Amino acid sequence: MRALVWHGKQDIRCDNVPDPRIEQPRDAIIRVTSCAICGSDLHLYDNFMPGMKNGDIMGHETMGVVEEVGPDCTNLKKGDRVVIPFTIICGECDQCRRGNFSVCERSNRNKDMADKVFGHTTAGLFGYTHLTGGYPGGQAEYLRVPFADKTHIKVPSSLSDEQVLFLSDIFPTGWQAAVQCDIQPTDTVAIWGCGPVGQMAIRSAVLLGAKQVIAIDNVPERLSMARAGGATTLNFSEDSIVERLNELTGGKGPEKCIDAVGMEAHATATIDSMYDRAKQAVMLETDRPHVLREMMYVCRPAGVLSIPGVYGGLLDKIPFGMAMNKGLTIRMGQTHVNRWSDDLLRRIEQGQIDPSFVITHRVGLEQGPEMYKTFRDKLDSCIKVVIRP
Amino acid sequence: MSGRAARRRGERRADTTLGLAQGLGWFSIGLGLAELLAPHAVSRSLGLRGHEKLIAGYGVREIVAGVGILASRDPTPWIWGRVAGDALDIGTLAGGLATGRGRERGNAGLAIAAVAGVTLLDVLCGRALGERKITERKRLARDYGDRRGMPKPAEAMRGAARDFEVPRDFRIPDPLRPWGSAA
């Protein structure tokens, strides 16, 4: 089959690779009908995440049709239409039973490595480094789904691929980011980053009833999409973010702050950003946490910081004393997709939201490598790429 | 003025900015080579005897910055890197001004004035490149103002998902909730 394969930093190719096959009794093989490039794939593309190997298949936003099931995967059958969450879950361990699916204790087949690096393992992820299991990803014609009896979301034929594909990651990720804020009707929610997750977080915050949503970015087309979703927008290349957020909140700062940017913040005109760039260049720092620092500074005391943005390693000069003294609550983590997917699927079916609004580019697998670059460099007004293998 | 004429003027300004950046790149390489190949002469003339290794190091920095400016798609961060380097240079030269004698002091003073001038150019170039990027992005940006993703305007959809019950483990800790709702 054809698949998008990682060969090194900024080197992804559309290769011919062996077809996947059933390896475990709970496995299923799906024929991929749609998949997408995620912002966190770019961290792999730029080689910021450790644990990738030459030949790894990319992709963790995938859906398709079941082709084959293992003997213990009894709740799926050939022809079922499924979205595959990016987190692989066993559904039986202590964490899965609590709904903490992204830290499933059994699905990471490189558990020993993860235990050493993280202290305790997290869930296995598709196409996302050997630290999280080294499972082949879904930017391919076929995908092997481990623990498939639990790791799936069945979707009705009445909804198109584009309406449901993002249940795999960005929609529940934006939703969880907003849910982590426990939004009250009096709240102002400030969201850094108007990429796909930021866009979903904006709409989630609106639907959950925030009084005011403020979105921060510097890419005009992303800001226009954010405004369409009901956000007041700030351009960090033109506005002083701290000043403007205080102005918009009567000098008190937003109650809730969401970091939908993560480790590769692009602000360039601030001292701390230059510091991060310099340290990163000489390998003394792994991430560029400008957004985290800004959120801690501007958030209203007793507020909440919600962090869906991906961080990879060691962060420097985090004003933790400031956060402690202001009594901030910090919530973060990979998304517990299956915890939200039934509810979100219902909202899509009811027409409350149609996540396909975020798609700007549709291509075949062959154009995948080129699209990584287009997406990374925000060329051609690219916000979200959907691939049809 | 017609839109086309304004665009042409914008393009000319962009070319000038890129030209200035390239000039600064070549200047950086030239200065870097001098510092790297003749650190003794440079340090002697500026009253910085004993700092030859530092001067050679600064030379490497200048060459890296110059190559970065000339080779990168976007020279902006390299130009701002030069500004940071200029600040280092001025700090080091100030040392020469304090410890140098006679002609060396004069040379160090002249060098500080020259670096200050180049710093001004670097800052102007960095700002112009930043503005150019913003203008370019705005010109090329598609308007996604119709991509609402919801059936009605946000004002009408606000709170449509209030039927969602936030799980207990995702709620704000009780002591931090508004007093009324914590009771």
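In what follows, chains carry the letters A, B, and so on, assigned in the order in which the sequence lines appear, proteins first and then strands, with residues in each chain numbered from 1. As the structure is a prediction and not an experimental result, all values here were calculated from the model.
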Quiz prompt | Proximal component of A:Arg227, with respect to chain B [non-hydrogen, under 4.5 Å] | solution = neither
Practice problem: Could you check which of B:Lys152, B:Glu155, B:Glu131, B:Arg162 has the highest count of heavy-atom pairs closer than 4.5 Å to chain A? | Solution: B:Arg162
Quiz item: Of the backbone (N, CA, C, O) and the side chain (C-beta and beyond), which part of A:Asp380 lies under 4.5 Å from a heavy atom of chain B, both, or neither?
Solution: both
Exercise. Select one option (side chain, backbone, both, neither) describing which atoms of A:Glu238 are under 4.5 Å from chain B's heavy atoms.
Key: side chain
Practice problem: Below 4.5 Å from any heavy atom of chain B, which atoms of A:Ile359 appear? Answer side chain, backbone, both or neither. | Solution: backbone
Quiz item: In terms of heavy-atom proximity below 4.5 Å to chain B, should A:Ala226 be classed as side chain, backbone, both, or neither?
Solution: neither
Quiz prompt | Distance-only donor-acceptor check, side chains B:Ser72 and B:Asp74, under 3.5 Å | solution = no
Self-check item: Shortest non-hydrogen contact between A:Cys194 and A:Asp217, atoms and distance
Solution: N-OD2, 2.8 Å
Self-check item: chain B contact via A:Leu223 - which portion, at a heavy-atom distance below 4.5 Å
Solution: neither
Quiz item: So which part of A:Asp343 gets closer than 4.5 Å to some heavy atom of chain B, the side chain, the backbone, both or neither?
Solution: side chain
Quiz item: Got a salt bridge between A:Lys256 and A:Asp182, using NZ or NE/NH1/NH2 to carboxylate O under 4.0 Å?
Solution: no
Quiz item: So which of B:Ala154, B:Gly81, B:Gly130 has the biggest tally of heavy-atom pairs under 4.5 Å with chain A?
Solution: B:Ala154
Quiz item: Any chance the rings of A:Trp175 and B:Phe170 have centres within less than 6.0 Å?
Solution: no
Practice problem: Measure the CG-CG distance between B:Leu93 and B:Asn107 for me, rounded to the nearest 0.5 Å. | Solution: 10.5 Å
Self-check item: SG-CD1 distance between B:Cys125 and B:Ile79, expressed to the nearest 0.5 angstrom
Solution: 4.0 Å
Quiz item: Is there a side-chain contact between A:Met295 and A:Ile307, using heavy atoms and a 4.5 Å cut-off?
Solution: yes
Quiz prompt | Proximal component of A:Lys211, with respect to chain B [non-hydrogen, under 4.5 Å] | solution = backbone
